[in-house]
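Below: one structure, written as C-alpha cells.
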Amino acid sequence: MTGSVVVVAMTGAHIDALMPYERQLFGTEAWTAAGYRDELADRRHRYYIAAETGAGELLGWAGVRVVGAEAEILTVGVVPSARRAGVGRRLLLDLLAEAHRRGAREAFLEVRVDNDAARRLYAGEGFVELGVRRGYYDGGRVDAVTMRRELGEMV
Ligand SMILES: CC(C)(COP(=O)(O)OP(=O)(O)OC[C@H]1O[C@@H](n2cnc3c(N)ncnc32)[C@H](O)[C@@H]1OP(=O)(O)O)[C@@H](O)C(=O)NCCC(=O)NCCS
C-alpha cells in the first residue's frame, strides 16, 4: 500500500464498504450491518472511525466504547491488501486518544489467543495481558486473552 492514509468518522457508507470484509476478518464473530448502524447511533458512549486512501478507498475501521473512566476496544480491522503498513496501529492510537479525551483512564480488550497479529499490535502499544476467558469465541472452542492499558500517560 502506498500513498496517504486519512482517518475519518465512520459513516453508513463505510459500513457498506466494510461488510464484504467483515465475515472474512471476524468469522463467527462478524457483526451485521444493522449491528454497526446501532453502534454508530450511540454517539454518547461509542466512537467509530475508518481509514481511507486519499481517494476514499476503505483501508480499515475501528471502534471503542467509553463509559466513565474505562474504555473498551470493540473492533479493529484492516483490509488484507493494506496490512503491515501501520493502519491498524494508527486506528488503535486514534481510539485511545479519543477515549482519553472523553475521560477514560484505562482501556480493555479481548483478543483470540490464536490471533498473533492482533496480540502483537496491542502488546506493542502497551497493552498487558490480564488473563484468559475460556471458550469465549467460536461457541466455546477458542479462548480470549483479556488485555489492559493505562491511558494516564497519553498526551
Ligand atoms: C490485527 C490487524 C488489525 C493489524 O492491522 P495492520 O494494519 O496490519 O497492523 P500494523 O501494520 O499497524 O502493525 C502494527 C504492529 O502489529 C504487529 N503485527 C501486525 N500484523 C502482524 C502479523 N501478521 N504478524 C506479526 N505481527 C503483526 C506488529 O508488531 C506491527 O508492528 P510492525 O509492523 O512495526 O512490526 C489486522 O491484521 C487485521 O485486521 N486482522 C483481522 C482482524 C483482527 O484480528 N482484528 C483484531 C481483533 S481483536
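Residue numbers start at 1 and run along the sequence shown. Counting starts at 1 for both ligands and their atoms, following the listed order. From a predicted model like this one, the values you see are computed outputs, not experimental measurements.
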Which ligand 1 atoms does [X] reach within 4.0 Å, using its non-hydrogen atoms?
X	result
V87	7 (O), 12 (O)
Y122	46 (C), 48 (S)
G77	39 (O)
A118	1 (C), 46 (C)

Just need the protein heavy atom nearest to [atom], so name the residue and atom and give the distance.
atom	answer
atom 31 (O) of ligand 1	R89 NH2, 2.9 Å
atom 11 (O) of ligand 1	G86 N, 2.8 Å
atom 18 (N) of ligand 1	A117 O, 3.6 Å
atom 25 (C) of ligand 1	R120 CD, 3.3 Å
atom 45 (N) of ligand 1	V76 O, 2.7 Å
atom 8 (O) of ligand 1	R84 N, 2.8 Å
atom 36 (C) of ligand 1	R83 NE, 3.6 Å
atom 5 (O) of ligand 1	V78 CG2, 3.5 Å

Do the side chain of [X] and the main chain of [Y] share a donor and acceptor less than 3.5 angstrom apart?
X	Y	result
N115	A118	yes
D143	V113	no
R149	V128	no
R105	H100	yes
R89	G124	no

Is G88 in polar range of ligand 1, meaning some N or O pair under 3.5 Å apart?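 Between G88 and ligand 1, an N or O pair is found under 3.5 Å apart.
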I'd like to check whether V111 has a polar contact with ligand 1, where a contact means an N/O of the residue lying under 3.5 Å from an N/O of the ligand.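 No, no N or O pair falls under 3.5 Å.
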Judged by non-hydrogen atoms, does A85 sit under 4.0 Å from ligand 1?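 In this structure, A85 qualifies as a contact of ligand 1 - some heavy atom is under 4.0 Å.
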Does N115 have a heavy atom less than 4.0 Å from any atom of ligand 1?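 Right, N115 reaches ligand 1.
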Salt-bridge criterion met for R148 and E150 (N-O under 4.0 Å):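 Salt bridge: yes.
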Do we see a donor-acceptor contact under 3.5 Å between the side chains of W61 and Y36?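 There is such a pair (donor and acceptor under 3.5 Å, judged by atom type) between the side chains of W61 and Y36.
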Between the side chains of Y137 and E29, is a donor N or O closer than 3.5 angstrom to an acceptor N or O?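 Per modelled atom types, Y137 and E29 side chains form no pair under 3.5 Å.
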For atom 13 (O) of ligand 1, decide whether some protein heavy-atom distance is shorter than 4.0 Å. no
Considering all protein heavy atoms, does one lie under 4.0 Å from atom 2 (C) of ligand 1? no
Do the side chains of M10 and I15 get nearer than 4.5 Å, heavy atoms only? yes
Pairwise distance CG(L58) to OH(Y21) - rounded to 0.5 angstrom: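 Rounded to the nearest 0.5 Å, the CG-OH separation comes to 6.5 Å.
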Value for CZ (R65) from OG1 (T75), rounded to nearest 0.5 Å, stands at 12.5 Å
Residues which pass side-chain hydrogen bond (donor to acceptor under 3.5 Å, both in side chains) with R119, listed by chain and number, not counting sequence neighbours: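 With sequence neighbours excluded, R119 shows a side-chain hydrogen bond (donor to acceptor under 3.5 Å, both in side chains) to E129, given in chain and number order.
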Heavy atoms only: which of L121, L93, D116 is nearest to atom 4 (C) of ligand 1? L121
